[in-house]
Amino acid sequence: MQAASRESYATALARLEEYISRAEPSAVAATGAELLAVADLLRREVRLRRALSDPARAGADRTGLLTSVLSGKVGADTLDLLGTLVAGRWSAPSELLDGAERLGVQALLGSADRADELGEVEDELFRFGQVVAADPQLSNALSDPIAPVAQRAELVGMLLTGKARPATVRLVEAALAGFGGRSFSTALSRLVESAAERRDRQVAYVTVAAPLSEDEERRLSDRLAAIYGRAVAVKLTVDPAILGGASVRVGSDLYDGTILRRLNETRNALAKR
């Protein structure tokens, strides 16, 4: 986002956080779902998105347009938050869409936080990502940009309903819609990281050849926390193909100490002789 859009989003986010602090988790979750539904509407209706972000129109005019379109279709809290959003200045219509998506995601994460379920939602998102990555057929089905989002969401519902928290299911649906313009897998990872950020944690993606014990995982988390100066949520993937050692990715930092990497480096070195 450009500066004007960031300021407008920050204003709406502050209003959302105040709402989260006083509302019941179930109400916040319902508001989050409505915010994401409106984001879907803005994604489909380009003319509406342009009108609601048009800098030539006064903020009150844009808010009035929003109210005329959504009144009676979403709750009062949703309408209030969206009114705050569209009243601000936006550098581009796409950034208004991005702001609405982000606000919906933060509402769902906030509802899980208030219900003391945010850590579980974070883990469910990560584990579902692992399941999808391990099944090429499922990955292709969920990532297919040609298939309607509603059709792919139905598949997600079949897989997750009753097995994951409702907030998790709705966040996965947001990833299907391409949260932030990302691919499904990338959007899912960003949602995991957003959940961790709300818990004031950094995510470390760790790949090992064999499962770690709880004590080993805790020591690794503590070591990474000392390096990065904040608590670290370790997301573990077991892949026997790396043979041994570990690969650790934190943000843009990557440490690959796997035996597979060393063997590949040795093979490449010998091939050059």
Side-chain angles (χ1 to χ4, degrees), residues 1 5-6 8-21 25 28-40 42-43 81 85 94-130 132-133 142 149 153 156 160 164-206 221 224-225 228-237 249-253:
M1 284 186 182
S5 298
R6 286 198 304 271
S8 297
Y9 174 71
T11 300
L13 181 60
R15 196 171 186 89
L16 172 65
E17 293 298 342
E18 189 276 329
Y19 164 66
I20 290 172
S21 70
V28 178
T31 297
E34 288 182 343
L35 288 168
L36 287 175
V38 173
D40 288 339
L42 294 176
R43 185 179 292 105
L81 289 164
L85 199 68
S94 60
E95 295 193 351
L96 173 62
L97 168 59
D98 188 31
E101 280 187 312
R102 290 193 195 185
L103 212 61
V105 164
Q106 287 303 321
L108 287 173
L109 294 176
S111 72
D113 198 10
R114 285 291 308 278
D116 293 325
E117 295 180 342
L118 186 54
E120 289 81 359
V121 168
E122 180 185 318
D123 287 339
E124 287 173 353
L125 289 168
F126 174 68
R127 288 198 298 270
F128 185 66
Q130 285 187 304
V132 172
L142 294 179
V149 172
V156 166
L160 290 181
R165 287 158 179 79
T168 303
V169 178
R170 189 61 190 89
L171 288 166
V172 171
E173 291 173 356
L176 290 174
F179 173 55
R182 302 171 178 90
S183 67
F184 174 64
S185 61
T186 305
L188 206 55
S189 295
R190 182 66 193 113
L191 290 169
V192 171
E193 291 157 11
S194 294
E197 286 168 6
R198 192 169 186 93
R199 298 196 302 134
D200 196 25
R201 284 166 168 76
Q202 183 94 25
V203 173
Y205 296 99
V206 179
S221 178
L224 291 170
Y228 287 94
R230 64 187 299 197
V232 171
V234 172
K235 302 303 178 187
L236 204 63
T237 299
R249 180 171 64 83
V250 180
S252 59
D253 297 339

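- The side-chain heavy atoms of L188 and V172, taken from C-beta on, include a pair separated by under 4.5 Å.
- Summarising the geometry of R102 relative to Y9, their closest heavy-atom pair is CB-OH, 3.3 Å, with the distance given to 0.1 Å.
- Closest approach of L85 to G99, counting heavy atoms only: CD2-C, 4.0 Å.
- Contact of the T168 side chain with the L108 side chain is not registered, since no non-hydrogen atoms from C-beta on lie closer than 4.5 Å.
- One finds the CG atom of L160 at 10.5 Å from the CZ atom of R127 (value rounded to the nearest 0.5 Å).
- What you find for Q202 and G251 is that their closest heavy atoms are NE2-N, 4.2 Å.
- In the model, T186 has a side-chain atom that pairs as donor or acceptor with a side-chain atom of S183 under 3.5 Å.
- Heavy atoms only, all atoms of each residue included: L35 and A107 are closest at CD1-CB, 4.1 Å.
- A heavy-atom distance below 4.5 Å is found between the side chains of E124 and R165.
- With hydrogens and angles ignored, the 3.5 Å screen pairs a side-chain donor or acceptor of S221 with a backbone N or O of V232.
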| said: Evaluate Y205 against T237 for side-chain hydrogen bond (donor to acceptor under 3.5 Å, both in side chains), listing each step before the verdict. | reply: CA-CA 8 Å; Y205 296 99; T237 299; over 6 Å; no
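- Residues E173 and R170 are paired through a salt bridge, judged by an N-O separation under 4.0 Å between the basic side chain and the carboxylate.
- The cationic group of R15 does not satisfy the cation-pi geometry with Y19, failing either the under 6.0 Å distance to the six-membered ring centre or the 45° limit from the ring axis.
- Rounding to the nearest 0.5 Å gives a distance of 9.0 Å between CG of L118 and OG of S111.
- K235 pairs with exactly one of Q130, E193, E122 by the side chain to side chain donor-acceptor pair (under 3.5 Å) rule, that one being E122.
- No side-chain donor-acceptor contact under 3.5 Å links R198 to the backbone of A195.
- Salt-bridge annotation for E197 and R190: present, with a side-chain N of the basic residue lying under 4.0 Å from a carboxylate O of the acidic one.
- Annotation: the span from L125 atom CG to S194 atom OG amounts to 9.5 Å, rounded to 0.5 Å.
- Between L109 and L171 the shortest side-chain heavy-atom distance falls below 4.5 Å.
- What you find for V203 and V192 is that their closest heavy atoms are CG2-O, 4.3 Å.
- Across all their heavy atoms, V121 and A167 have their closest contact at CG2-CB, 4.3 Å.
- Here L103 contributes atom CG and L16 contributes atom CG; the two are 5.0 Å apart, rounded to the nearest 0.5 Å.
- Using a 4.5 Å heavy-atom threshold, the side chains of D123 and E120 count as separate.
- Between F184 and F128, the ring-plane angle classifies as perpendicular under the 30° and 60° cut-offs.
- Between V28 and R114 there is no side-chain heavy-atom pair separated by less than 4.5 Å.
- R230 contributes no side-chain N or O that, together with a main-chain N or O of Y228, makes up a donor-acceptor pair within less than 3.5 Å.
- Under 4.0 Å is where a charged nitrogen must lie from a carboxylate oxygen, and between D253 and R249 no such pair does.
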